[in-house]
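First up is the structure itself, then whatever we jot down about it.
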Amino acid sequence: MKYLLDTHALLWYLFDDKNLSSTAKEIITNEFCYYSKISLWEIAIKQTRKLLEYKQSISEIIKACKDEEFDELFVSGNSLELIKTLPDIHRDPFDRLLIAMSMENNLAIITKDSKIPLYNVKTIW
């Protein structure tokens, strides 16, 4: 199985945050994981609004992703179309796009978000 990192899982892993579950840490350390620039966009917005304690620049986070050998998963037109078919359970546009990307690419999402498992997508925490 391959995995897509939700934004908080990405940050918590990269910066060794105690909030990351031991299961998530084990998988991220030992399995093939993707990240998305959607997460970086979310980070940038939350940093601008002072909603994140992480002060690293987007460039530093991208470098850390490369150092960890995470592959970038790009947004496709199919994922954007798939968003239109998702039930209206989760209103967060970043998470909705990550869900669609995960569904399109048959990836499990590493996330603590309790709404994401309500979709037809495998989650790990």
Side-chain angles (χ1 to χ4, degrees):
M1 168 122 313
K2 293 182 182 177
Y3 303 88
L4 177 60
L5 301 173
D6 196 353
T7 305
H8 61 273
L10 174 66
L11 288 171
W12 292 352
Y13 183 81
L14 291 177
F15 303 113
D16 201 27
D17 192 301
K18 66 181 178 353
N19 288 307
L20 186 68
S21 76
S22 58
T23 301
K25 186 173 185 171
E26 174 83 16
I27 289 170
I28 297 168
T29 301
N30 296 305
E31 301 294 334
F32 188 90
C33 292
Y34 289 99
Y35 77 100
S36 172
K37 291 249 173 77
I38 298 308
S39 292
L40 302 181
W41 178 30
E42 180 178 13
I43 291 165
I45 288 172
K46 287 184 175 180
Q47 284 177 333
T48 301
R49 294 180 179 166
K50 311 252 187 278
L51 298 174
L52 275 182
E53 63 186 72
Y54 301 100
K55 306 297 183 209
Q56 291 81 1
S57 70
I58 297 302
S59 298
E60 290 170 321
I61 295 170
I62 290 170
K63 182 183 180 318
C65 287
K66 289 180 181 175
D67 290 347
E68 291 295 335
E69 299 183 354
F70 298 150
D71 273 5
E72 182 179 349
L73 185 64
F74 296 95
V75 177
S76 73
N78 290 337
S79 288
L80 297 173
E81 280 295 322
L82 188 54
I83 286 174
K84 298 189 303 189
T85 69
L86 293 178
D88 195 22
I89 298 168
H90 207 319
R91 298 205 172 233
D92 184 304
F94 303 107
D95 287 330
R96 289 179 64 81
L97 186 48
L98 292 176
I99 290 163
M101 293 169 71
S102 177
M103 293 171 82
E104 178 187 4
N105 294 283
N106 195 30
L107 303 171
I109 302 177
I110 298 178
T111 186
K112 186 178 181 178
D113 189 319
S114 61
K115 291 183 181 177
I116 293 177
L118 301 175
Y119 289 88
N120 186 25
V121 65
K122 182 173 171 72
T123 60
I124 304 289
W125 190 249

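- Cluster annotation: Phe32 and Ile124 are assigned to distinct hydrophobic clusters (Ile/Leu/Val/Met/Phe/Trp/Tyr, side-chain heavy-atom contacts under 4.5 Å, transitive).
- Residue Asp67 qualifies as enclosed at atom CG: its count of foreign heavy atoms under 6.0 Å is above 12.
- Proximity of Ile110 to Leu10: side-chain heavy atoms (C-beta onward) are nowhere separated by under 4.5 Å.
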**Full working for side-chain contact (heavy atoms from CB on, under 4.5 Å) between Trp12 and Lys18** = CA-CA 7 Å; Trp12 292 352; Lys18 66 181 178 353; over 6 Å; no
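- Remark: Asn78 CG to Met101 CE distance equals 12.0 Å, nearest 0.5 Å.
- Considering OG1 of Thr23 and CD of Glu26, their distance stands at 8.0 Å, rounded to 0.5 Å.
- For the residue pair Glu60 and Gln56, the shortest heavy atom distance occurs at OE1-CA, 3.1 Å.
- For the pair Lys37 and Glu72, the salt-bridge criterion is met [side-chain N within less than 4.0 Å of a carboxylate O].
- Contact check for Asp95 versus Asp6: side-chain heavy atoms found under the 4.5 Å cut-off.
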**Worked check of side-chain contact (heavy atoms from CB on, under 4.5 Å) between Leu86 and Tyr119** = CA-CA 8 Å; Leu86 293 178; Tyr119 289 88; 3.9 Å; yes
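- Contact of the Leu5 side chain with the Ser39 side chain is not registered, since no non-hydrogen atoms from C-beta on lie closer than 4.5 Å.
- Linking Ile, Leu, Val, Met, Phe, Trp and Tyr whenever their side-chain heavy atoms come within less than 4.5 Å puts Ile89 and Ile116 in one cluster.
- Remark: the backbone N or O of Ile28 is not paired with any side-chain donor or acceptor of Glu31 at under 3.5 angstrom.
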**Request:** I would like to know whether Asp16 and Lys25 meet side-chain contact (heavy atoms from CB on, under 4.5 Å); could you show each step before the answer?
**Result:** CA-CA 9 Å; Asp16 201 27; Lys25 186 173 185 171; 3.3 Å; yes
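- Using a 4.5 Å heavy-atom threshold, the side chains of Lys112 and Leu20 count as separate.
- In this structure, the side chains of Phe94 and Ile45 come closer than 4.5 Å at one or more pairs of heavy atoms.
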**Trace of the side chain to side chain donor-acceptor pair (under 3.5 Å) decision for Thr29 with Tyr13** = CA-CA 9 Å; Thr29 301; Tyr13 183 81; 3.2 Å; yes
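- Hydrophobic clustering (side-chain heavy atoms under 4.5 Å, transitive across Ile, Leu, Val, Met, Phe, Trp, Tyr) keeps Leu82 apart from Leu80.
- Here Glu68 contributes atom CD and Lys63 contributes atom NZ; the two are 10.5 Å apart, rounded to the nearest 0.5 Å.
- At a threshold of 4.0 Å, the pair Arg96-Asp92 does not count as salt-bridged, since none of the basic side-chain nitrogens sits closer than that to a carboxylate oxygen.
- Under the 3.5 Å distance criterion, the side-chain polar atoms of Thr48 are matched with a main-chain donor or acceptor of Ala44.
- Within 6.0 Å of atom CH2 in Trp125, more than 12 heavy atoms from other residues, nucleotides or ligands are found, so the atom counts as buried in its surroundings.
- Hydrophobic cluster membership differs between Met1 and Leu107, with clusters built from Ile, Leu, Val, Met, Phe, Trp and Tyr side chains linked at under 4.5 angstrom.
- Residues Leu97 and Met103 do not share a hydrophobic cluster, clusters being chains of Ile/Leu/Val/Met/Phe/Trp/Tyr side chains in contact below 4.5 Å.
- For the residue pair Asp17/His8, the side-chain donor-acceptor check at 3.5 Å is not satisfied.
- Residues Tyr3 and Ile27 have side chains in contact (heavy-atom distance under 4.5 Å, counting atoms from C-beta outward).
- Open room surrounds CG on Asn120; 12 or fewer heavy atoms of other groups in view lie less than 6.0 Å from it.
- In this structure, the separation between CG on Asn19 and CG on Leu11 is 11.5 Å, given to the nearest 0.5 Å.
- Using a 4.0 Å cut-off between charged nitrogen and carboxylate oxygen, Glu69 and Lys66 do not count as a salt-bridge pair.
- Between Ile109 and Tyr34 the shortest side-chain heavy-atom distance does not fall below 4.5 Å.
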**Message:** Run the side-chain contact (heavy atoms from CB on, under 4.5 Å) test on Asn105 and Leu4 for me, step by step, so that the C-alpha distance in whole Å, both residues' side-chain angles and the decisive distance to 0.1 Å come before the verdict.
**Reply:** CA-CA 9 Å; Asn105 294 283; Leu4 177 60; over 6 Å; no
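- Thr7 and Tyr35 share no donor-acceptor pair across their side chains, judged by distance under 3.5 Å alone.
- Closest approach of Ser79 and Ala100 over heavy atoms only: O-CB, 3.4 Å.
- For the pair Glu104/Ser76, a side-chain contact is recorded, criterion being any heavy-atom separation below 4.5 Å from C-beta on.
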